[in-house]
Amino acid sequence: MEQTTSSSSWEAKLRGKKLEMFTGKYYAACAAGGMISAGSVHLLITPFDMLKVNMQAYPLKYHSIASSFGTVYREQGMTGIWKGWSSKLFGYGAQGACKFGLYEYFKKSFSDISDPAAFSAQQSNNRTVIYIASSLSAQVIADVALCPFEAVKVRVQTQPGFAKGVSDGFPRLYATEGILGFYKGLLPLWARNIPFSMLMFSSFEHSVDFIYGRVLNRQKSECSMGTQLGVTCMAGYMSGVMGSIVSNPADNIVTALNNNKGITFLQAARNIGIVDLFTRSLSLRVMLVGPLVTAQWFCYDTCKVLCGLPTSGGNSEKRAQLEAL
């Protein structure tokens with residue numbers, strides 16, 4: 001009874017803010033939430049990302065997490081530990097805005113094209129297709145925004161003396177490799193992030209439905225804000241771990257391409273080897289990506305809640321689809 005009263009009070013507060021679903025302001029709020037969540041979370045894990053990139057680029061020198069941190073600190077100090085922070089903040093901020101904002105837009109657009117009533121039904125078979133198509137479309141655009149920052153970041157982290165960050169890294173890269181240097185890693189970036197994004201969003205959406213329907217056995221609207229955000233975290237962690245496993249080979253190739261001038265996609269894959277493509281830095285990526293995606297979803301949904309919107313996934317979002325017809 002207390003739980004129901006709390007959730008009703010919370011939904012009343014959401015309605016009081018009067019930010020309508022599927023309007024321009026709604027998509028802007030989702031984009032802003034994605035930018036804040038992705039940019040801030042990626043900024044915080046910069047030291048681990050720096051280590052992951054160097055373990056991929058120089059596996060003989062950086063072969064374990066503990067010893068590698070010590071090596072970087074002895075050679076480069078605390079500055080070396082935080083190399084690439086500006087590319088992480090601005091690059092993933094731009095990517096997050098496109099990824100989350102456009103995902104919401106494409107999901108609504110594709111469901112309207114197919115059948116909104118069927119999309120809103122729990123037994124619908126086309127929801128997974130819509131989740132995958134929406135995340136794919138959003139990620140293609142998001143990676144175009146990210147790619148220049150990623151190219152500068154890898155060089156800053158693996159090539160001593162290249163640049164200090166974004167402000168001097170961009171002109172340096174443009175002077176040496178031209179505009180194509182910024183997008184040299186776009187195809188492997190798509191190969192890494194598109195499968196990750198498709199699996200992350202679809203597994204998140206289905207995990208949310210599973211938790212409410214099979215674990216909690218109640219409608220999302222009957223749960224308090226704290227419970228809804230807890231569901232977001234659980235579903236976010238599950239989606240992050242699955243996505244990191246699938247995208248690990250392409251992540252290794254992205255690092256190799258950006259660290260070795262003139263090397264091709266196939267040459268990079270051949271040099272790394274089949275086994276290492278799937279296993280090199282995988283434990284570190286799982287350790288990073290699971291909590292990272294969880295934190296992103298939590299921050300994103302918190303931003304949505306503060307704007308008067310419901311948390312992601314679940315029944316309230318599907319009801320809003322029907323109400324918008």
Side-chain angles (χ1 to χ4, degrees), residues 37-89 91-92 95 146 149-162 164-165 185 188-189 191-193 195-196 199-200 233 236-260 268-269 271-299:
S37 64
S40 60
V41 170
H42 276 276
L43 172 64
L44 292 175
I45 58 101
T46 296
F48 295 97
D49 179 76
M50 176 280 306
L51 184 60
K52 181 211 72 173
V53 169
N54 278 281
M55 288 177 71
Q56 292 172 335
Y58 308 110
L60 297 179
K61 182 177 181 180
Y62 302 100
H63 49 81
S64 71
I65 297 174
S67 64
S68 298
F69 266 122
T71 300
V72 173
Y73 183 75
R74 283 193 305 272
E75 293 181 355
Q76 305 177 44
M78 191 57 68
T79 302
I81 297 289
W82 283 92
K83 269 187 174 181
W85 70 266
S86 57
S87 293
K88 296 286 284 182
L89 176 62
Y92 281 91
Q95 188 212 41
L146 170 65
F149 295 93
E150 187 75 4
V152 171
K153 177 186 74 72
V154 171
R155 288 164 174 79
V156 168
Q157 291 176 333
T158 61
Q159 300 176 15
F162 175 81
K164 293 182 179 179
L189 197 63
R192 179 188 75 183
N193 288 348
F196 179 92
L199 189 58
M200 184 191 82
C233 290
Y237 185 80
M238 294 161 64
S239 66
V241 169
M242 288 187 281
S244 64
I245 294 172
V246 168
S247 63
N248 199 62
D251 188 60
N252 278 295
I253 292 175
V254 168
T255 298
L257 285 174
N258 283 320
N259 190 49
N260 297 281
N271 292 344
I272 297 170
I274 295 296
V275 175
D276 283 346
L277 276 174
F278 286 91
T279 60
R280 182 181 292 178
S281 75
L282 178 60
S283 59
L284 183 57
R285 285 198 77 225
V286 169
M287 185 180 77
L288 280 175
V289 175
L292 182 147
V293 173
T294 303
Q296 277 192 46
W297 277 111
F298 176 77
C299 184

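- A pairwise comparison of heavy atoms in Asn252 and Ser281 identifies OD1-OG, 4.0 Å as the closest pair.
- Distance CG/Asn260 to OG1/Thr158: 8.5 Å, rounded to 0.5 Å.
- In this structure, CG in Asn258 is found 12.0 Å from CD1 in Ile253, a value given to the nearest 0.5 Å.
- Atom OG1 of residue Thr255 and atom CD1 of residue Ile272 lie 8.0 Å apart, to the nearest 0.5 angstrom.
- Nearest heavy-atom pair across His63 and Ser67 is CE1-OG, 3.9 Å.
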Verdict with supporting geometry, Val293 and Phe196, side-chain contact (heavy atoms from CB on, under 4.5 Å):
CA-CA 11 Å; Val293 173; Phe196 179 92; 3.7 Å; yes
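- Residue pairs meeting the side chain to side chain donor-acceptor pair (under 3.5 Å) criterion with at least one partner in residues 38-47, sequence neighbours excluded, are His42-Lys88, His42-Gln296.
- Taking the six-membered ring where the residue is Trp, the centroids of Phe69 and Phe48 are separated by under 6.0 Å.
- Rounding to the nearest 0.5 Å gives a distance of 11.0 Å between OG of Ser239 and OH of Tyr237.
- Taking every heavy atom of both residues into account, Asn248 and Thr279 meet most closely at ND2-N, 3.9 Å.
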Might you work through the side-chain contact (heavy atoms from CB on, under 4.5 Å) test for Leu288 and Leu292, ending with a clear yes or no?
CA-CA 6 Å; Leu288 280 175; Leu292 182 147; 5.5 Å; no
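- Looking at every heavy atom in both residues, Ala295 comes nearest to Val41 through CB-CG2, 3.9 Å.
- In plain terms, the two heavy atoms of Gln95 and Leu146 that are nearest each other are NE2-CD2, 3.4 Å.
- The shortest side-chain heavy-atom distance between Tyr58 and Asn259 falls under the 4.5 Å cut-off.
- Taking Asn54 as the reference, nothing meets the side-chain hydrogen bond (donor to acceptor under 3.5 Å, both in side chains) condition, with sequence neighbours excluded.
- Two residues are said to be in side-chain contact when any heavy atoms from C-beta on lie closer than 4.5 Å; Val156 and Lys164 fail this criterion.
- In this model, no donor atom of one side chain and acceptor atom of the other lie less than 3.5 Å apart for Tyr62 and Gln56.
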Audit row: Ser247, Arg285, side-chain contact (heavy atoms from CB on, under 4.5 Å) steps and yes/no
CA-CA 10 Å; Ser247 63; Arg285 285 198 77 225; 3.2 Å; yes
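- Judged as a salt bridge (charged side-chain N to carboxylate O under 4.0 Å, His left out), the pairs with a partner in residues 53-74 (not counting sequence neighbours) are, in order, Lys61-Glu75.
- Note that CD of Gln157 and NZ of Lys83 are 8.5 Å apart. Values are rounded to the nearest 0.5 Å.
- The nearest pair of heavy atoms linking Ser68 to Leu51 is CB-CD1, 3.0 Å.
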Could you go through Ile81 and Gln76, starting from their C-alpha distance and side-chain angles, then the distance that decides it, and tell me whether this counts as side-chain contact (heavy atoms from CB on, under 4.5 Å)?
CA-CA 8 Å; Ile81 297 289; Gln76 305 177 44; over 6 Å; no
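- Considering CG of Asn193 and CE of Met200, their distance stands at 10.0 Å, rounded to 0.5 Å.
- Within 6.0 Å of OH in Tyr73 there are 12 or fewer heavy atoms belonging to other residues, nucleotides or ligands.
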